[in-house]
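See structure below.
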2 protein chains.
Amino acid sequence: MKTEHRSGCPINLSLEVFGDRWSLIILRDMIFGGKRHFRELLNGSIEGIASNILADRLKRLMELGMLTKADDPSHKQKAIYSLTEMAITLVPIMAHLGAWGRVWLPVSEELSIRAELLEKGGPAMWEQFMDELRHEHLGTPATVPGRPSVRATLQAGYEAVVARKASTAA
Amino acid sequence: MKTEHRSGCPINLSLEVFGDRWSLIILRDMIFGGKRHFRELLNGSIEGIASNILADRLKRLMELGMLTKADDPSHKQKAIYSLTEMAITLVPIMAHLGAWGRVWLPVSEELSIRAELLEKGGPAMWEQFMDELRHEHLGTPATVPGRPSVRATLQAGYEAVVARKASTAA
DNA sequence: GCAACCGATTGCAAAACGCAATCAGTTTGA
DNA sequence: TCAAACTGATTGCGTTTTGCAATCGGTTGC
């Protein structure tokens with residue numbers, strides 16, 4: 001891993017980690033989309049990432065300590081990627097980024113409903129979401145079961161918008 | 001201005017705006033360093049931005065609506081760059097980014113003290129800072145004068161660390 | 001057996017980057 | 001008065017990164 005840095009400024013160092021056009025997209029798809037496999041990330045990406053870029057970024061994110069990789073017991077060739085705590089704590093940043101983008105950029109309604117719900121949920125929802133991610137990716141015990149998962153809530157919001165748009169368009 | 005987007009996802013659109021290694025650095029220097037001129041940004045950058053990259057990014061950030069440019073009355077050739085509201089509202093993102101970087105990345109003490117103070121100040125401090133930036137860059141009336149400015153507070157913290165390190169090293 | 005799928009890798013053209021030198025106009029100061 | 005320093009850039013050029021398509025060897029399901 002490269003240890004050469006432009007400066008010790010936290011904002012600069014953060015940019016050195018995900019100051020490119022793809023790293024955060026991959027993490028977004030893992031966090032909000034629940035993607036864990038190479039093909040899921042490759043084919044599920046609405047932005048259309050190329051396979052060599054995806055391979056390169058996965059490797060880089062592993063070297064940086066944001067991801068880990070493990071064998072999938074169901075398939076000898078399959079690898080399963082997991083978020084580390086370092087990546088999971090990006091949730092508040094993702095939430096702010098989504099909120100800012102919703103205000104200032106030409107977002108589409110169906111792709112920004114998740115950001116809107118996450119913004120409205122506030123820090124309490126982010127904490128719950130991070131706990132769920134820790135359970136999924138790090139194997140920590142599930143906390144307070146019974147309530148619907150954040151990802152399911154966001155997904156339901158997304159599907160409601162898609163359904164509504166389909167019905168009004170028909 | 002380019003209107004071609006990879007997707008309408010707010011996180012993706014945000015990345016299209018500052019998903020590179022320099023745009024946020026420039027905004028950081030304007031927000032926290034109070035830099036307003038080309039040369040200030042060029043020579044003051046600890047990361048060492050090249051002049052062609054700086055020129056390109058300033059142009060791009062203007063096209064995106066993050067910056068405006070005006071003549072400096074004191075010098076016919078001098079241009080003064082101002083943050084727009086769009087850029088000023090990045091303050092909470094900068095704060096979170098700095099907080100995240102402080103936890104996970106090899107930050108230097110003197111360059112992360114500002115991030116620490118901003119994190120501890122919380123949303124109230126961010127709001128005050130954004131108001132000060134609006135006053136500086138947009139000419140809005142100053143709100144609640146009398147308290148020390150956030151930038152001065154952060155700068156004082158930085159200088160205290162530098163002074164302490166100089167004295168212990170001596 | 002064979003098609004579909006697995007995580008990549010390779011080749012290649014285009015774009016972006018990093019660096020140094022340079023530009024024309026403006027201001028400063030001796 | 002006139003040169004030096006400073007203003008916001010621009011140019012040229014070699015290196016690196018990106019984007020895209022094709023392909024790879026191995027695995028699995030039918």
Compare the minimum distances between each of [options] and the side chain of [X], then state the nucleotide with the smallest one.
X	options	value
H75(A)	dT9(C), dC6(C), dG7(C)	dC6(C)
K76(A)	dT9(C), dT27(D), dG7(C)	dT27(D)
A79(A)	dG7(C), dT7(D), dG19(D)	dG7(C)

Interface polar pairs with nucleotides 22-24 of chain C, N/O, under 3.5 angstrom:
none

Check whether any side-chain heavy atom of [X] lies under 4.5 Å from a side-chain heavy atom of [Y], and answer yes or no.
X	Y	value
H137(B)	R36(B)	yes
L133(A)	E136(A)	yes
L90(A)	L24(A)	yes
L27(A)	M94(A)	yes
L118(B)	L154(B)	yes

Item checked: 5′-ward residue of the pair M62(A)/G48(B) relative to DNA chain C -> M62(A)
Margin query: Check this one for me: any side-chain N or O of W22(A) less than 4.0 Å away from OP1 or OP2 of dG19(D)?
Written below: yes
Notebook entry, point to check: Hey, does the side chain of H37(B) come within less than 4.0 Å of dT7(D)'s phosphate (OP1/OP2), counting only N and O?
Noted result: no
Next item on the list: For K59(A), answer base if it contacts any base atom (sugar-phosphate contacts may also be present), sugar-phosphate if it contacts only those atoms, and nothing otherwise; contact means non-hydrogen atoms under 4.0 Å.
Entry: nothing
Next item on the list: Determine the contact category for R57(B): base if any of its heavy atoms lies under 4.0 Å from a base atom, sugar-phosphate if only primed atoms, P, OP1 or OP2 are that close, otherwise nothing.
Entry: sugar-phosphate
Over how many whole Å does the gap from [X] atom [atom1] to [N] atom [atom2] extend?
X	N	atom1	atom2	answer
F38(B)	dG25(C)	CZ	P	18 Å
L67(B)	dG8(D)	CG	P	14 Å
L58(A)	dT9(C)	CG	C1'	14 Å
I49(A)	dA21(D)	CD1	P	15 Å
I80(B)	dT7(D)	CD1	P	13 Å
D56(B)	dC17(C)	CG	C1'	10 Å
K78(B)	dT27(C)	NZ	P	10 Å
I53(B)	dC19(C)	CD1	P	9 Å

Next item on the list: Locate the shortest heavy-atom distance separating I49(B) from L42(B); write the atom from each residue and the value.
Entry: O-CD1, 3.4 Å
Check: Would you call E132(A) and R147(A) a salt bridge, taking side-chain N to carboxylate O under 4.0 Å as the test?
Finding: no
Pairs under 3.5 angstrom, nitrogen or oxygen only, protein versus nucleotides 12-16 of chain D, please.
none

Notebook entry, point to check: For the residue pair F129(A) and F32(A), is the inter-centroid distance of their aromatic rings smaller than 6.0 Å?
Noted result: yes
Next item on the list: Using the rule that two of Ile, Leu, Val, Met, Phe, Trp, Tyr join whenever any of their side-chain heavy atoms come within less than 4.5 Å, decide whether I80(B) and L58(B) are in one cluster.
Entry: no
Next item on the list: List the steps, then state whether side chain to side chain donor-acceptor pair (under 3.5 Å) holds for W100(B) with S14(A).
Entry: CA-CA 8 Å; W100(B) 184 85; S14(A) 297; over 6 Å; no
